[in-house]
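Report on the structure given below.
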2 protein chains.
Amino acid sequence: MRKSVSGVLATLEHVGGFASAQELYQLMHRDGAKIGLTTVYRSLQTLVEGNLVDILRREDGEAIYRLCGENHHHHLVCKSCGKTVEIEGGAIEKWAKTIASENGFRDVGHTAELFGTCANC
Amino acid sequence: MRKSVSGVLATLEHVGGFASAQELYQLMHRDGAKIGLTTVYRSLQTLVEGNLVDILRREDGEAIYRLCGENHHHHLVCKSCGKTVEIEGGAIEKWAKTIASENGFRDVGHTAELFGTCANC
DNA sequence: GTGAAAATGACAATCATTTTCATTTCTGTT
DNA sequence: AACAGAAATGAAAATGATTGTCATTTTCAC
């Protein structure tokens with residue numbers, strides 16, 4: 001398990017943001033890669049285990065992956081029309097660090113999403 | 001759509017915390033209710049639309065539901081052993097409100113989870 | 001070159017959720 | 001009470017992401 005893993009990693013770098021396993025599979029095929037869907041899933045698993053990639057969830061439950069260490073942001077999503085605003089999470093980062101050290105945890109990551117109704121809806 | 005909705009709501013109150021649709025279905029059956037799984041899903045949908053219930057996701061992607069307005073907290077989870085600490089989210093609440101008003105959103109809810117490695121692992 | 005071990009991919013299996021559709025219950029009206 | 005039409009229900013099938021299986025291919029050390 002090596003060529004496939006680096007291929008998936010490269011594709012993830014290329015897209016720059018989030019991508020689901022299925023999307024990565026399609027992207028790699030579009031670029032002529034001969035990788036199976038099963039292997040995409042396995043590679044992502046490997047990357048997650050190796051702490052190179054974070055996994056989170058779309059609202060519909062589909063898993064999406066992103067490179068760790070990528071300067072990440074959060075989202076404010078309108079429940080009604082789906083409008084999405086990217087937001088800074090400086091306060092969250094600090095909060096996460098504080099809570100982590102208070103509880104003796106290390107390597108702490110986080111997810112945080114806001115959802116409500118936008119001005120137009 | 002009425003009797004079933006209130007039944008699901010009552011069950012959700014009874015469990016007090018999170019529950020998935022499947023869990024609610026089983027619980028209600030154990031108590032002798034004659035409700036179908038489909039109707040549990042439909043009732044939950046109604047409750048979510050009516051802002052009575054929040055929906056979030058377990059790590060495996062399964063949807064879990066909780067009563068809105070319940071004094072809610074967040075979690076700090078150890079990726080290695082699963083140890084979970086309930087944490088206060090005062091800072092998050094403020095942050096969410098600020099961001100929401102800056103962007104003209106109303107009725108804004110949020111999810112926030114921390115995950116890392118605990119002292120023992 | 002050989003053989004064991006790891007990696008791969010096609011396909012089937014699983015599991016939560018949604019859709020479909022026929023049946024039952026509820027509603028108001030006569 | 002009887003009736004028609006609407007809404008609600010639930011069993012079973014459909015869907016879609018993810019995981020498991022297993023035979024085949026590739027890799028690597030010798």
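Note on naming: letters A, B, ... go to the chains in the order of the sequence lines (proteins, then strands), and numbering restarts at 1 for each one. Quick caveat, the model's predicted, so the values are computed rather than measured.
For the pair A/Asp31/A/Thr11, no side-chain contact is recorded, criterion being any heavy-atom separation below 4.5 Å from C-beta on. Under the 4.5 Å side-chain criterion, counting only non-hydrogen atoms from C-beta, A/Phe18 is in contact with A/Leu56.
The CE-P distance, from A/Met28 to C/dT8, rounds to 10 Å in whole Å. Rounded to whole Å, the distance from OH on A/Tyr65 to C1' on D/dA17 is 10 Å. In this structure, CD1 of A/Ile64 is placed 19 Å from P of D/dG16, rounded to the nearest angstrom. For B/Tyr41 and C/dA16, the OH to C1' distance is 5 Å, given to the nearest whole Å. In this entry the distance linking CG of A/Asp60 with P of D/dT15 reads 17 Å, nearest Å. As a whole-Å value, the separation of B/Leu56 CG from C/dT17 C1' is 17 Å. Look at CD on A/Glu62: it is 20 Å from P on C/dC15, rounded to the nearest Å. Here C/dA7 presents its C1' atom at 16 Å from NZ of A/Lys34, a figure rounded to the nearest Å.
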Tabulate protein N/O versus nucleotide N/O from nucleotides 25-27 of chain C, keeping only pairs under 3.5 Å, one per line.
none

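The heavy-atom pair separating B/His74 from B/Ala112 by the smallest distance is ND1-O, 2.9 Å. The minimum heavy-atom distance between A/Ala96 and A/His110, with the atom names listed, is CB-ND1, 4.1 Å. Taking both residues in full, the closest heavy atoms of A/Arg57 and A/Ile55 are given as NH2-CD1, 4.4 Å, listed atom of the first, atom of the second, then distance.
Proximity of B/Ser4 to the phosphate of D/dT9: a side-chain N or O atom is located under 4.0 Å from OP1 or OP2.
Under 3.5 Å, the side chain of B/Thr38 and the base of D/dA11 form at least one donor-acceptor pair of N or O atoms. Between the base of D/dG10 and the side chain of B/Arg42 there is a donor-acceptor pair shorter than 3.5 Å.
Side chain to side chain, A/Ser4 and A/Thr39 fail the donor-acceptor criterion of an N or O pair below 3.5 Å. No side-chain N or O of B/Glu23 forms a donor-acceptor pair with one of B/Tyr65 less than 3.5 Å apart.
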